[in-house]
Amino acid sequence: MTQTKVRLWNVDEYHRMLETGIITANERVELIAGQVIPMSAKNPPHAATTLCASDYLKRLLAEVALVRVQDPVQLSQYSEPEPDIAIVRIEPRKYIDHHPTPNEVFLLIEVADTTLETDRRQKAPLYAQAGISEYWILDVNKFQVYVFREPSGGGYKQEFILGENATLSLIALPEIEVEISQLFP
């Protein structure tokens, strides 16, 4: 059996594919570990939860952090995912010249309805490897938040699940308490 060498794409090549139309603006894809991966379609519970959570976090974190919705973050030379919500440092020009990098990210959030296992098995290790200190998955089916903290090479050392009646403080912003129930419609 002949083994085929996989060609990985870097962020610059990925951007050139977008600029030249090889990948169109209508295609929902993201660059993960050098591969251009299709993103799942957003059904109504996913869209409603993303809107509800981002609106709540924008009010809660006004003047403290920027809340970006379904925008890229550049984790490395080979990964530029588009998390559903990214809580990032305030940047006066709103990241006009670059996408936020791991040292500018406080928290990444994925919203899961049909993608819970992918978000746990693919995104969590990716975010941990990049050094993202905190990652949440909002499970729209059970109104729970999967919390990942303490990144290490292959994953997070700390993982726990909180129900909708809990509150949670961000590692980077411990003075701010997030009411889990407010993240869901």
Side-chain angles (χ1 to χ4, degrees), residues 11 28 30-32 39-40 42 45-76 79-113 115-116 118-120 122-140 143-152 155-185:
V11 170
R28 291 190 29 81
E30 57 189 347
L31 183 66
I32 304 290
M39 295 169 60
S40 298
K42 294 180 268 185
H46 182 284
T49 301
T50 301
L51 180 61
C52 184
S54 63
D55 284 351
Y56 170 63
L57 292 168
K58 284 176 183 177
R59 288 190 308 273
L60 193 63
L61 299 169
E63 310 294 325
V64 178
L66 290 177
V67 177
R68 293 169 50 101
V69 180
Q70 298 173 335
D71 288 332
V73 293
Q74 186 175 344
L75 300 180
S76 71
S79 290
E80 193 175 87
E82 295 184 20
D84 290 309
I85 301 171
I87 309 300
V88 299
R89 292 186 191 284
I90 292 176
E91 205 279 331
R93 298 198 61 217
K94 309 289 190 234
Y95 295 96
I96 193 169
D97 60 351
H98 72 286
H99 294 305
T101 57
N103 64 334
E104 297 167 309
V105 172
F106 296 132
L107 168 68
L108 295 181
I109 300 173
E110 295 289 354
V111 174
D113 46 5
T115 61
L116 182 59
T118 302
D119 292 338
R120 291 180 72 202
Q122 183 184 50
K123 295 284 180 84
L126 179 74
Y127 294 157
Q129 191 172 42
I132 301 300
S133 63
E134 189 164 14
Y135 167 50
W136 298 355
I137 302 171
L138 306 185
D139 180 349
V140 305
F143 301 102
Q144 297 177 327
V145 177
Y146 289 71
V147 179
F148 299 83
R149 292 177 167 174
E150 296 182 40
S152 65
Y156 286 91
K157 293 179 183 176
Q158 187 181 48
E159 298 179 23
F160 55 93
I161 302 170
L162 294 174
E164 64 181 316
N165 295 323
T167 59
L168 178 62
S169 293
L170 283 72
I171 290 174
L173 304 165
E175 67 282 1
I176 296 175
E177 287 195 352
V178 177
E179 294 178 35
I180 301 302
S181 64
Q182 297 297 307
L183 298 171
F184 297 96

Looking only at atom types and distance, does a side-chain atom of Glu104 sit under 3.5 Å from a main-chain N or O of Thr101, one as donor and one as acceptor?
yes
For Ile137 and Phe148, what are the C-alpha separation, side-chain angles and deciding distance, and is it a side chain to side chain contact (heavy atoms under 4.5 Å, CB included)?
CA-CA 9 Å; Ile137 302 171; Phe148 299 83; 3.6 Å; yes
Would you compute the distance between atom [atom1] of [X] and atom [atom2] of [Y] and round it to the nearest 0.5 angstrom?
X      : Y      : atom1 : atom2 : value
Thr49  : Asp139 : OG1   : CG    : 9.5 Å
Leu60  : Asp55  : CG    : CG    : 12.5 Å
Lys42  : Thr115 : NZ    : OG1   : 12.0 Å
Ile132 : Leu75  : CD1   : CG    : 5.5 Å
Leu183 : Leu162 : CG    : CG    : 10.5 Å
Ile176 : Leu61  : CD1   : CG    : 5.0 Å

Side-chain heavy atoms of [X] within contact of [Y], under 4.5 Å:
X      : Y      : value
Val178 : Trp136 : yes
Ile109 : Pro83  : no
Phe106 : Glu134 : no
Val69  : Lys58  : yes
His99  : Val73  : no
Val88  : Arg68  : yes
Tyr156 : Val147 : no
Tyr95  : Asp71  : no

Write down the atom of [X], the atom of [Y], and the distance for their closest heavy-atom approach.
X      : Y      : answer
Pro72  : Pro100 : O-CD, 3.6 Å
Arg28  : Ser40  : NH2-O, 3.1 Å
Ala86  : Leu108 : CB-CD2, 3.6 Å
Pro151 : Ala128 : CB-O, 3.5 Å
Ser169 : Glu177 : OG-CG, 3.6 Å

With side chain to side chain contact (heavy atoms under 4.5 Å, CB included) as the criterion, how do Asp119 and Tyr135 come out once you've worked through the C-alpha distance, each side chain's angles and the decisive distance to 0.1 Å?
CA-CA 10 Å; Asp119 292 338; Tyr135 167 50; 3.4 Å; yes
For Gln122, does the CD atom sit with more than 12 other heavy atoms under 6.0 Å from it, leaving out its own atoms?
yes
Any donor-acceptor pair under 3.5 Å linking the side-chain atoms of His98 with those of Glu91?
no
Across all chains, not counting sequence neighbours, the ring-ring contact (aromatic ring centres under 6.0 Å, His included) partners of Tyr146 are none
Checking Phe160 now: which residues fulfil ring-ring contact (aromatic ring centres under 6.0 Å, His included) with it, not counting sequence neighbours?
none
For Glu30, what residues pass the side-chain contact (heavy atoms from CB on, under 4.5 Å) criterion, not counting sequence neighbours?
Ile32, Met39, Pro81, Glu82, Lys123
